[in-house]
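To start, the structure itself, in structure tokens.
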Amino acid sequence: MSEFSAEIKRRRTFAIISHPDAGKTTLTEKLLLFGGAIHVAGAVKSNKIKKTATSDWMEIEKQRGISVATSVMGFNYGDYKINILDTPGHQDFAEDTFRTLTAVDSVIIVIDAAKGVEAQTRKLMEVCRMRKTPVIVFVNKLDREGKDPFDLLDEIEAELHIHVRPLSWPIDMGQRFKGVYNIYERKLNLYTPSKQYVTENIEFKNIQSPELETHIGESQAAKLRADIELIEGVYPEFDTDTYLKGDIAPVFFGSALNNFGVKELLDCFVRIAPSPRPVQALERTIEPEEEAFSGFIFKIHANMDPNHRSCIAFVKICSGRFERNAPYKHVRFGKMMRFSSPTAFMAQKKETVDEAYAGDIVGLPDTGNFKIGDSLTAGEELHFKGLPSFSPEMFKYIENADPMKAKQLAKGIDQLMDEGVAQLFTNQFNGRKIIGTVGQLQFEVIQYRLLHEYGAQCKWEPLNLYKACWIESDNEEMLASFKKRKAQYMATDKEGRDVYLADSGYVLSMAQQDFPDIRFHFTSEF
Ligand code: G4P
């Protein structure tokens, strides 16, 4: 294998996702700890927005400011280069998480052992399923009383609609929790719990050894042996290819806070998780090991300092090698650009990089040249698919509150939408502008940023809608009659496509019944 191929093959680019509070931040930190990227846990600030601060916008800003540094965490672990993409902890920024999922090759889902599968997990899993992203599940907080591990496996299978295969197994739980047996490597490491450091451990290669009893007691030793026998009997042998196809999710148990089960997860993860996968462009499939560089912008992070209206555009490299100062084509503009200070994040430090490879993420300082979904290439006309917008869940009319600043408002809305802060629809009936978000906080973000970055003032008017559906049909007559009947509810998205704004679930299902030839899509890509 050439050095170039080896560089790409050793990359593991993934995101950790969870329902808030399941332990995503803690697990991320522990992976960094075991990976040697940090030496003491607790040192890394996450972009988690504390629940108590949700009404305090400035506080959120401060916390979000931190998140630039933690947007991508890269570190070397053994022969592997690991890139963890951070996702916002707050549900109101779920759209950010959806987009981040377009830039990863696999995902680790964290589930709280006591709570099981929660709403946000279900939603994120839908996106993974749509994209056939391989997922690994980490069941966390075994140091607390939780649900029975076998029940949890059934629950994950039923709720997330994916087959499961445990690859580690807990020895009891709560106060009696002793550690996890590594099914993947068929060995047991008993650690002394530590919240901050990696501690010494005792290794058992054979759990049949009577010595096990002296460490974890008779009943627990017997239970562990019985459980493992049952698992090996019930679940088929783990098959990496089935996991890579997204058909089966390996499950690990542990306690991130106490370092239990984390190394088991990490060691298995680097071995089975995919290296950069081919990416589909409109024109053709891009293989990561193609020599020519290509990539797309999946996230734009605004600088919150109003005096410097600059952003960082995050590029996921799809193929080849990215080089500092090399000319690359901004496909939407059709012009060549050079980047003198691309940044990457290694072991928590943001630094300028001279080169990066397929699978890596680089941050490009930007003054408004990029929008989400833009492609950069060595020259080829490529347009990447797979950056869908999802139907927003909250809608409001946006109105100008300062007649002198109409231009600034229009520009501000335009740029914020390009950054992917929310979605803009224009009502075809009355021409009014509608902003759609997944959470209340985003309206506050928009209002604040319009004022501070563009000097524009907006006001919101309530609008009760259920969902936005992108519609299409081969039956033009039916489409025309639908649009006529629903004239007041027809809108246009930023790309000029027809969107039907359904005001209730009932009305939507009636519409689906009455207009069978119309296809209603809940994401912008179909
Ligand atoms: P999130 O990013 O998914 O939202 O979750 P986060 O890691 O912040 O964890 C949420 C809470 O759960 C934190 O407590 C964290 O300490 C705790 N936690 C994480 N892993 C474990 C575990 O293995 N066992 C137990 N018992 N708790 C765990 P908090 O009190 O909300 O925050 P903090 O003040 O401790 O930071």
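Indexing begins at 1, ligand by ligand and atom by atom, following the structure's order.
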Going by the order shown, which atoms of ligand 1 are within less than 4.0 Å of some heavy atom of [X]?
X: Ser255; answer: 22 (C), 23 (O), 24 (N)
X: Lys24; answer: 1 (P), 2 (O), 3 (O), 5 (O), 7 (O)
X: Arg144; answer: 26 (N), 27 (N)
X: Pro20; answer: 4 (O)
X: Ala256; answer: 23 (O)

| query | Would you say the side-chain atoms of Arg12 pair up with the backbone N or O of Val270, donor to acceptor, closer than 3.5 Å? | reply |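 Looks like yes, one N/O pair under 3.5 Å.
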
Answer with side chain, backbone, both or neither: which part of [X] has a heavy atom less than 4.0 angstrom from an atom of ligand 1?
X: Ser18; result: side chain
X: Thr26; result: both
X: Asp143; result: side chain
X: Lys141; result: both

| query | Is there any N or O on Gly254 that sits under 3.5 Å from an N or O of ligand 1? | reply |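 Among all N and O atoms of Gly254, none is under 3.5 Å from an N or O of ligand 1.
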
| message | Parallel, tilted or perpendicular, judged at 30° and 60°: which one describes the rings of Trp169 and Phe253? | response |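 Trp169 and Phe253: perpendicular rings.
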
| said: Over 60° means perpendicular and under 30° means parallel, so tell me whether Phe443 and Trp460 are parallel, tilted or perpendicular. | reply: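 Aromatic pair Phe443/Trp460 classed perpendicular.
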
| How long is the gap from CG on Asp143 to CG on Asp172, to the nearest 0.5 Å? |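 One gets 12.5 Å once the value is rounded to the nearest 0.5 Å.
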
| message | Given the ring of Phe522, does Lys467 sit roughly above its face, with NZ or CZ under 6.0 Å from the centre of the six-membered ring and within 45° of the axis? | response |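 Yes, a cation-pi geometry holds between Lys467 and Phe522.
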
| query | Should Lys178 and Gln220 be marked as a side-chain hydrogen bond (donor to acceptor under 3.5 Å, both in side chains) after you check the CA-CA gap, both sets of side-chain angles, and the distance that decides it? | reply | CA-CA 9 Å; Lys178 293 280 164 53; Gln220 288 179 324; 2.5 Å; yes

| said: Pairing donors with acceptors under 3.5 angstrom, does anything connect the side chains of Arg186 and Asn206? | reply: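 No donor-acceptor contact under 3.5 Å links the two side chains.
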
